[in-house]
Amino acid sequence: MEEKVLQNKKNGMIVLVVTSLLYLAAVAGCIFGGMMVSDGYSPALLVVSIIWLCIGWIPYCGLRILKPQEALVMTLFGNYTGTLKNEGFYFVNPFSSSVNPAASTHLHQSGDVDNGSGTKSALALAFGGSKTELDLSGKKISLKIMTLNNNRQKINDCLGNPVEIGIAVMWRVVDTAKAVFNVDNYKEYLSLQCDTALRNIVRIYPYDVAPNVDTTGDGIADEGSLRGSSEVVAARIRDEIQKRVEEAGLEVIEARITYLAYAPEIAAVMLQRQQASAVIDARKMIVDGAVGMVEMALERLNQNGVVELDEERKAAMVSNLLVVLCGDRAPQPVVNSGSLY
C-alpha cells in the first residue's frame, strides 16, 4: 500500500461560502415562489428551492479542517482515495469516510486523549452529521513525535538473573497508508513490538559486567552490560524496533532506558553481593598499602641504623604494623617499659 497525498483539495472555504449563499437563495426562493404560486404562476421556483433546502446540507459533510502535523486517510466506498496531510481547509467527496483504527486506543504515551469528550463545533451542532469536522477529530492521525512509555517488564538477563526494565520510545507516523491498512492497530502493534524487541536485546546482556560473556556476537568476550552500556543497549533496542515496525509506516526516532533494577526477589541478595565485592576491593587496596608501608619502614630502619632486628623481631614488627594499618578500629597500644630482650 503506497501513500497518496491529496494536494488540490484546499477549496473548503469556497464551497462553504457558495453553499451558504445557495441556502440563503433557496430560502428567498421559497418565499418568492410561494408568492408566485398564490398569484397563479408556475411552482418551479418553489419546488427547486425546497429540493435544495432538503439536500443542500450534503456539501457541508465534505468539509475538513486540518491543523499542522495532522492527517486524514480518506476512503470512498471501501477504496483508498488518498491522504490529506497538510494544514488547511479542505473539501472532499461528501460520501468519503476517514479511517483510523487506532483512534480509540489509549496507551501510556503522549498524544493519547479522549477525543470523544470534546465539545462540538457550531458546524457540527448545526448539521448533526457524524462526518462533520469535530466528529472526525478522532479519526485524525497525528504526525507529531510521540513518546511511548511501556510498562516495566521482568526479564532474565544472559546469566538468568531476573531484572526489571522500562523504556521510553520516541516515534511518529511517516506513512499513513501503511499505518492504517498494513496493520490492524498501529499503536498496539508498536507497543507489542517494543516489548518483544526489549526482551530479545536484554537477554543478550548481563545486568553488570561478567566474565566470559559475548554481547556483540563476534565470539570475543567483552565488558558489555545493561548498567554500564546503557547507550549501546538503547541503540540496539531502537534498531530492533525499527526493523519490526517498518511495514507499519512508523519511524522510531529514539529509545531510552527509563528504569533498570534487579527484580525484588533477588534485589537484597544482589545488594549483599555488591557490598561484599566492594569490601573485598577495599581490603585489597588497604593490604597493598599496608605491605608497602611495612617494607618502607623496615628499609628506612635498616638504612639509618636506628636499630638492628633479627628475623624473629622483624616478624613481630611486621605483624604489629599490619594489625595497626589493616584493622577496622583504632588499636590499643601496649607500652613495653622493660628491656627489648
Any side-chain donor paired with an acceptor under 3.5 Å for Thr215 and Asp222?
yes
Going by distance alone, is a donor N or O of one side chain under 3.5 Å from an acceptor N or O of the other, for Tyr205 and Ser230?
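No donor-acceptor contact under 3.5 Å links the two side chains.
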Kindly give the heavy-atom pair with the smallest separation between [X] and [Y], and that separation in Å.
X: Thr75; Y: Tyr80; value: CG2-CA, 4.1 Å
X: Asp157; Y: Tyr207; value: OD2-N, 3.0 Å
X: Leu6; Y: Gly82; value: CG-CA, 3.9 Å
X: Ala26; Y: Trp52; value: CB-CD1, 3.4 Å
X: Leu148; Y: Cys194; value: CD2-SG, 3.9 Å
X: Thr83; Y: Ala71; value: CG2-CB, 4.1 Å

Are the side chains of [X] and [Y] in touch, meaning some heavy atoms are under 4.5 Å apart?
X: Cys30; Y: Leu53; result: yes
X: Gln7; Y: Asn86; result: yes
X: Ile241; Y: Trp171; result: no
X: Asp184; Y: Pro101; result: no
X: Tyr186; Y: Asn100; result: yes
X: Thr19; Y: Tyr60; result: yes
X: Asn161; Y: Asn156; result: no

Assess whether a salt bridge exists between [X] and [Y], defined as any Lys/Arg side-chain N lying under 4.0 Å from an Asp/Glu carboxylate O.
X: Glu70; Y: Lys140; value: yes
X: Arg244; Y: Glu240; value: yes
X: Glu231; Y: Arg256; value: yes

For Arg199, all residues meeting salt bridge (Lys or Arg N to Asp or Glu O under 4.0 Å), sequence neighbours excluded
none
Test side chain to side chain donor-acceptor pair (under 3.5 Å) on Asn150 and Asp195; report intermediate values, then the result.
CA-CA 8 Å; Asn150 262 14; Asp195 293 343; 2.7 Å; yes
Does the [X] side chain pair with the main chain of [Y], one donor and one acceptor, at a distance under 3.5 Å?
X: Thr258; Y: Gly166; value: yes
X: Ser96; Y: Val92; value: no
X: Ser229; Y: Leu226; value: no
X: Ser191; Y: Lys187; value: no
X: Lys178; Y: Glu3; value: no

Would you compute the distance between atom [atom1] of [X] and atom [atom2] of [Y] and round it to the nearest 0.5 angstrom?
X: Ile201; Y: Ile167; atom1: CD1; atom2: CD1; result: 10.5 Å
X: Ser98; Y: Met74; atom1: OG; atom2: CE; result: 4.0 Å
X: Ile145; Y: Glu254; atom1: CD1; atom2: CD; result: 10.0 Å
X: Asn200; Y: Gln193; atom1: CG; atom2: CD; result: 10.0 Å
X: Leu260; Y: Glu164; atom1: CG; atom2: CD; result: 10.0 Å
X: Ser97; Y: Phe77; atom1: OG; atom2: CZ; result: 9.0 Å

How does the hydrophobic cluster around Leu159 look, that is, which other residues are in it when side-chain heavy atoms under 4.5 Å mark a link?
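Listed partners: Val213.
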Can you list the steps and then say if Asn79 with Thr81 is a side chain to side chain donor-acceptor pair (under 3.5 Å)?
CA-CA 6 Å; Asn79 296 319; Thr81 57; over 6 Å; no
May I have the step-by-step check of side chain to side chain donor-acceptor pair (under 3.5 Å) for Asn185 and Thr105, ending in yes or no?
CA-CA 8 Å; Asn185 188 315; Thr105 301; 2.6 Å; yes
Taking the six-membered ring of Tyr90 (Phe, Tyr or Trp), confirm whether the NZ or CZ of Arg64 is under 6.0 Å from its centre and within 45° of its axis.
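No - Arg64 does not lie over the ring of Tyr90 by the 6.0 Å and 45° rule.
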Per-pair distances, 0.1 Å, donor-acceptor, side chain in residues 245-252, under 3.5 Å, sequence neighbours excluded:
| from | atom 1 | to | atom 2 | distance (Å) |
| --- | --- | --- | --- | --- |
| Glu246 | OE1 | Gln242 | NE2 | 2.9 |
| Glu251 | OE1 | Arg172 | NE | 2.9 |
| Glu251 | OE1 | Arg172 | NH2 | 3.2 |

